[in-house]
Amino acid sequence: MPMSAISRRTFALGLATTASAMFDGASAQNGRTGVVLLHGKKDNSSGSLAAVASALSSHGMLTSAPDLPWSGSRYLSGTWSDAMGEISQAISQLKGRGAVKVALVGHSMGCPAAMSFVASQRGVAAVVLTAPGHSPRLYFNQPPMRESILRARSMVKAGNGRERSEFLDNNQGNMFGVQATAAQYLSYFDPSGPCEMSNTAGRINCPTLWIVGSEDGAADWGAPIGRRLTRRPNSRYIEVPGARHRNTPSIMAGEIAAWLATV
C-alpha cells in the first residue's frame, strides 16, 4: 500500500534527524561537496533528479547534471566508455568550481553508470544509487533480448562493430527497438561488461546509499547487490514504502542531501 503523506514525512524526518545528529557539521569541516547527478534511461538533467538537485543546492553543495549518452535526445550515442569520460569531465568541472570532494548520485540507468565509474576510478567520496535500473544480466535471460545481445556480440567479433543495426532495448519491462552500432549497443548491454551492476559491486570502495521503492522491481532483483554494497561503514540500504521507480528520487531528495552531508 502506498505510504501516506504523514507516514512518509515521519519516515523522512526520522532519517534526516538521525543523519544530522550523528554527523553535525561534517560538511563544513570537510569542505564543499560537489555532486554529479546521473539521470536514467531516456530521461534528462531536468527529469527525475530535479528535486534532488534542488535539495543538494539548499545544503550548499555544488551540482552538475549533464545530459548523458542515454538521454532521450542522444540515446546510445558513443559507448559506455565514452559515457565514463563524460562523467570524469563533469567531476573536473565541479572541482574547477571549488568542490573539495565529489559524490555521484544515480537514478535508474545512472546507477550502474555511477558504479562502473567508481569501480574503475579513485577519488569519489560517496555514491547514491536510487531506484537502480538497467541489468544486462536480467535482459540476457529474456529470449528476444538475448538474441539482440548475441547478434551484437557476433558482429563485433567478426569485425563489424561499427555497422549500424536495430537491436532490442528494455526500459522497465517495455521492449523497443533502438538504432546503434553493434559496438555501441554491446557496450551498454553486455552482461559480462562494466554496465552490469553485479560485475562492479565488489570494487566499490566508498560509502554507499542504496534506495529503492517497495513498488519497484529492483526491490527484488537488486536486493543482493544493494545489500552487498551497503556492508561498508557509513553505508545504508533503504526500502521506501509505497515508492515507485520514477518517484523514489523526489520522495527521498532531502534524505539524500542529508546523508551526503555526513560523508
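Being a predicted model, the structure only gives us computed values, none of them experimental. Positions are given from 1 along the sequence.
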Original post:
Is there a side-chain contact between Leu138 and Asn170, using heavy atoms and a 4.5 Å cut-off?
Top reply: no

Subject >> Distance, nearest 0.5 Å, that separates CZ of Arg227 from CG of Leu229 >> reply: 11.5 Å

**OP:** Check whether more than 12 heavy atoms from other residues, nucleotides or ligands sit under 6.0 Å from atom CZ of Arg97, and answer yes or no.
**Re:** yes

Original post:
Is there a donor-acceptor pair closer than 3.5 Å between any side-chain N or O of Tyr139 and the backbone N or O of Pro191?
Top reply: no

Subject >> Gap between atom CG of Asn141 and atom CH2 of Trp221 - 0.5 Å precision >> reply: 12.5 Å

Original post:
Do you know which two heavy atoms are closest between Leu68 and His39, and how far apart they sit?
Top reply: N-NE2, 3.0 Å

Original post:
Where do Leu104 and Ile91 land on the side chain to side chain contact (heavy atoms under 4.5 Å, CB included) test, with the steps shown first?
Top reply: CA-CA 9 Å; Leu104 302 179; Ile91 290 174; 4.2 Å; yes

Original post:
Do the non-hydrogen side-chain atoms of Pro144 and Met175 ever get within less than 4.5 Å of each other?
Top reply: yes

Subject >> Residue pair Ile204 / Cys206, side-chain heavy-atom distance below 4.5 Å >> reply: yes

Subject >> Side chain to side chain, Tyr185 and Ser165, heavy atoms closer than 4.5 Å >> reply: no

Original post:
Is any side-chain heavy atom of Pro69 closer than 4.5 Å to a side-chain heavy atom of Asp82?
Top reply: no

**OP:** Check for a donor-acceptor pair, side chain of Ser187 on one end and backbone N or O of Thr79 on the other, with a separation under 3.5 Å.
**Re:** no

Original post:
Is the closest side-chain heavy-atom distance between Arg164 and Gln184 below 4.5 Å?
Top reply: yes

Original post:
Do the side chains of Val127 and Leu260 join up, straight or via other hydrophobic residues, at under 4.5 Å, putting them in one cluster?
Top reply: no

**OP:** Say whether, by atom type as modelled, one donor and one acceptor occur between the side chain of Ser54 and the main chain of Ala50 under 3.5 angstrom.
**Re:** no

Subject >> same_hphob_cluster(Met155, Ile149) at 4.5 Å side-chain heavy-atom cutoff >> reply: yes

Subject >> From Ser71 atom OG to Met109 atom CE, the distance as rounded to the nearest 0.5 Å >> reply: 10.5 Å

Original post:
Under 4.5 Å between side-chain heavy atoms, hopping through other hydrophobics if needed: is there a path connecting Leu168 to Trp70?
Top reply: yes

Subject >> Heavy-atom donor-acceptor pair, Thr262 side chain to Ala258 backbone, under 3.5 Å >> reply: no

Original post:
Between Glu196 and Ser135, does any side-chain donor sit less than 3.5 Å from a side-chain acceptor?
Top reply: yes

Original post:
Does Gly60 offer a backbone N or O that forms a donor-acceptor pair with the side chain of Arg32 under 3.5 Å?
Top reply: yes

Original post:
Going from OG1 on Thr33 to CG on Leu62, what distance comes out if it is rounded to the nearest 0.5 angstrom?
Top reply: 8.5 Å

**OP:** Take the angle between the ring planes of Phe176 and Tyr75 and call it parallel below 30°, perpendicular above 60°, tilted in between.
**Re:** tilted

Original post:
Hey, does the side chain of His107 reach the backbone of His245 with a donor-acceptor pair shorter than 3.5 angstrom?
Top reply: yes

Original post:
Roughly how far, to the nearest 0.5 Å, is the CD1 atom of Ile211 from the OG1 atom of Thr248?
Top reply: 8.0 Å

Original post:
Which of parallel (below 30°), tilted (30 to 60°) and perpendicular (above 60°) describes Trp80 and Tyr188?
Top reply: perpendicular

Subject >> Shortest non-hydrogen contact from Glu239 toward Gly213 >> reply: CG-C, 4.3 Å

Original post:
Where do Ser235 and Trp210 land on the side chain to side chain contact (heavy atoms under 4.5 Å, CB included) test, with the steps shown first?
Top reply: CA-CA 8 Å; Ser235 297; Trp210 179 284; over 6 Å; no

**OP:** Go through Thr130 and Met252 one step at a time and tell me if the side chain to side chain contact (heavy atoms under 4.5 Å, CB included) criterion holds.
**Re:** CA-CA 9 Å; Thr130 175; Met252 298 297 289; 5.7 Å; no

Original post:
Quick one: which of Arg137, Arg153, Arg146 gives a salt bridge (Lys or Arg N to Asp or Glu O under 4.0 Å) with Asp190?
Top reply: Arg153

Subject >> Joint hydrophobic cluster, Leu49 plus Leu38, side-chain heavy atoms closer than 4.5 Å >> reply: no

**OP:** Answer yes or no: is there a donor N or O on one side and an acceptor on the other, between the side chain of Ser154 and the main chain of Leu150, under 3.5 Å?
**Re:** yes

Original post:
How far apart are the closest heavy atoms of Pro249 and Ile256, and which atoms are they?
Top reply: O-CD1, 4.4 Å

Original post:
Could you give the distance from CG (Leu76) to NZ (Lys41), rounded to the nearest 0.5 Å?
Top reply: 8.0 Å

Subject >> Non-hydrogen atoms of Cys111 and Pro132 that approach each other most closely >> reply: SG-CA, 3.6 Å

Original post:
Side chains of Ile225 and Met115: closer than 4.5 Å at any heavy-atom pair?
Top reply: yes

**OP:** Please lay out, stage by stage, how Ser73 and Asn44 fare under the test side chain to side chain contact (heavy atoms under 4.5 Å, CB included).
**Re:** CA-CA 8 Å; Ser73 62; Asn44 56 56; over 6 Å; no

Subject >> Pair Ser48-Arg246, side-chain donor/acceptor within less than 3.5 Å >> reply: yes

Subject >> Contact summary for Thr208 and Thr230, nearest pair of heavy atoms >> reply: O-CG2, 3.7 Å

Subject >> Sidechain-backbone polar pair: Lys101 side chain, Ala126 backbone, donor-acceptor under 3.5 Å >> reply: no

Subject >> Same cluster (ILVMFWY, side-chain, under 4.5 Å), Met197 and Leu129 >> reply: yes

Subject >> Ser57 (side chain) donor-acceptor with Ala53 (main chain) under 3.5 angstrom >> reply: yes

Subject >> Closest heavy-atom pair and its distance - Ala152, Phe167 >> reply: CB-CE2, 3.7 Å

Original post:
Heavy-atom distance under 4.5 Å between the side chains of Val212 and Val240, does that happen here?
Top reply: no

